[in-house]
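What follows is a single structure, written as structure tokens, with notes after it.
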Number of protein chains: 2
Amino acid sequence: MSPHEQSAKLTSALEDYLETIFEYTQRQGFVRVKDIARVRNVKAGSVSPAMRRLSEMGLIDYERREYIRLTESGERLAREIFSRHEVLSRFFCEVLKMDREEAVKNACAMEHSLTEDAKDHLVLFMEFLLNCPFFDIVHWQRFHDQQMDITRADGCDHSCTTACVFSAMRGEGMEPLRRLSDLVPGETAVITILEGEGDERRELLNLGLIPGSSVTLSHHHPDGIHSELLINGFGLRFLRALGARVCVAGENPSTRG
Amino acid sequence: MSPHEQSAKLTSALEDYLETIFEYTQRQGFVRVKDIARVRNVKAGSVSPAMRRLSEMGLIDYERREYIRLTESGERLAREIFSRHEVLSRFFCEVLKMDREEAVKNACAMEHSLTEDAKDHLVLFMEFLLNCPFFDIVHWQRFHDQQMDITRADGCDHSCTTACVFSAMRGEGMEPLRRLSDLVPGETAVITILEGEGDERRELLNLGLIPGSSVTLSHHHPDGIHSELLINGFGLRFLRALGARVCVAGENPSTRG
DNA sequence: GGGCTCATTTAGACACCTCTAAAACCATAA
DNA sequence: TTATGGTTTTAGAGGTGTCTAAATGAGCCC
């Protein structure tokens, strides 16, 4: 009856349960333990105590063995949780152009830790993209598709294509791009493009070579095939051959201004 | 010595420990239990068993009561985890323009659930923004600052300003925008802008009124002050007065194409 | 060596979430 | 009314991660 602990923070598991209840009740008006267990892929024995706790918190109306319904405050909270889910999955799906399924999977896992502040900024950004004529979705779409094709390609080297696309976008014709491997000791630059495909590309990322990162080449290793560099203060020894796949710009590009 | 379970998936807590060890050893070459406990804000008694497990997995070199160092495979994995962290915090900070501290806080909490696929797409998007001349960072910056000022304002109604900014961006002069409250029963539209400030804006979001969402007005409630609508299949009763703060576009805007 | 101090480990508790298996409950059919 | 079958709850156990408090170890000064 009384909302005992309405202010207490929910655990992620309880948030998930509440969200499932919301989604289900939107369709049916009520849920049973069995439904929740099925949707959330757990056993009914795990759901039962969770319902008791949600009920004690005043978030659901629940008498043992009866239908489960949201209270008013429960629905408000559930919509709030669901809104985090929606913002994230919409961003992944519609802005980043991920597969719907993969987008939702990520959103489900990340939504519990998205702060209000982050949500505010993310939504504002999406509003901007939705309305700004200077963000040319056509270019982004084309670039995305082309890159994704490349990562799925059969090993053929498309780096020239990539450079082309970027050069065209920059309005610079076919002017050659500088590479990480071109840097001289002591020189600092910003990473702008990774040209690797698939796993090779991921290897670059996993080493910390992330677009937007500022890198300083410390020195070439005596072995002649490695170089040492500093990425945001972290040291890294890498194969110079790999560095040829990393494009850099001499000064901070416009996005950082 | 031997990497017993190198393939076993790490829990988030162990990932955090490994990441902390990485960051610390980059500066000092080694870490002690005490350092980790301080940085991660836990007691030494909690760190100890975690180090034993990481050691059993072959990710760190650790003899009881000695310094902690990463093994080769541990460092590789740590860099991979750190790369997820970097991608996310860079996105929050440099693209979404959040405060560095808040950006890192979110990244720390979300990094453990960012899949490879999501990271790929996010990085690709950042590459695009870094290089695309059609994404005019100046407009985004100005819009961001203006909106953020609005949310921090003292309650004065800036909706005209907001409309102005958007109209200018769309190159439409001062042509009036349609509102959610203007929809007639049965009509469908896409949410483009939320004009509320601070908590009012959040209330809209928490109800599910998210930019990009498709909404269909079901009917006006007999009480005259509420309306019922469908957002992506979910029902919602809302105050029509609130709907005046929500801008909509008749057809899918360009971002969805 | 003795004693001091600090770091680390261990042990015991608690919380949370999950599972399985068995018991309790309920509705419906015979 | 009784039997049956599906649903839900309970009980017990395991895994993870945290804490506190006490025990252990190591270094250092006298």
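Convention: sequence-line order gives letters A, B, ...; per-chain numbering from 1.
- Within the cation-pi definition used here (under 6.0 Å to the ring centroid, within 45° of the axis), B:Arg40 qualifies as a partner of B:Tyr17.
- Looking at heavy-atom distances under 4.0 Å, B:Ala13 makes contact with sugar-phosphate atoms alone, never a base.
- Comparing atom distances between the B:Ser46 side chain and each of D:dT8, C:dC19, D:dT18 picks out D:dT18 as nearest.
- Within the 4.0 angstrom heavy-atom criterion, no nucleotide atom of any strand lies near A:Tyr67.
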- Message: side chain to side chain contact (heavy atoms under 4.5 Å, CB included), that's the test. Do A:Ser227 and A:Leu217 meet it? Break it down for me.
- Response: CA-CA 8 Å; A:Ser227 293; A:Leu217 188 79; 3.9 Å; yes

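- Distances were taken from every side-chain heavy atom of A:Ser48 (C-beta onward) to each of D:dC19, D:dT9, C:dC16; the shortest belongs to D:dT9.
- In this structure, the OH atom of B:Tyr17 is 14 Å from the P atom of D:dT16, given to the nearest Å.
- In this structure, A:Arg64 reaches the D:dT10 phosphate: one of its side-chain N or O atoms is under 4.0 Å from OP1 or OP2.
- Seen from the ring of B:Tyr24, B:Arg27 counts as a face-on cation partner, given the 6.0 Å and 45° thresholds.
- Phosphate proximity of C:dT8 to B:Tyr62: absent, as no side-chain N or O sits under 4.0 Å from OP1 or OP2.
- Comparing D:dC19, D:dT9, C:dT10 against the side chain of A:Val33 picks out D:dT9 as the nearest.
- Look at CD1 on B:Ile68: it is 14 Å from P on C:dA7, rounded to the nearest Å.
- Protein atom CE of B:Met57 is 11 Å distant from nucleotide atom C1' of D:dT16, rounded to whole Å.
- The separation between B:Leu10 atom CG and D:dG15 atom C1' is 16 Å, rounded to whole Å.
- For A:Ser83 and A:Lys119, the side-chain atoms include at least one donor-acceptor pair closer than 3.5 Å.
- Comparing D:dC19, C:dT18, C:dT8 by their nearest atom to the side chain of B:Lys34 picks out C:dT8.
- B:Lys43 comes within contact range of at least one nucleobase, with a heavy-atom separation under 4.0 Å.
- If you take CD1 of B:Ile36 and P of C:dT9, they are 10 Å apart, rounded to a whole angstrom.
- Ion pairing between a basic and an acidic side chain is recognised when a charged N comes within 4.0 Å of a carboxylate O; A:Glu19 and A:Arg79 show no such pairing.
- Spacing between atom CD of B:Glu66 and atom C1' of C:dT9 amounts to 14 Å, rounded to whole angstrom units.
- Rounded to whole Å, the distance from CG on B:Asn41 to P on D:dT18 is 11 Å.
- Atom CZ in A:Arg32 sits roughly 13 Å away from atom P in C:dA27 (whole-Å rounding).
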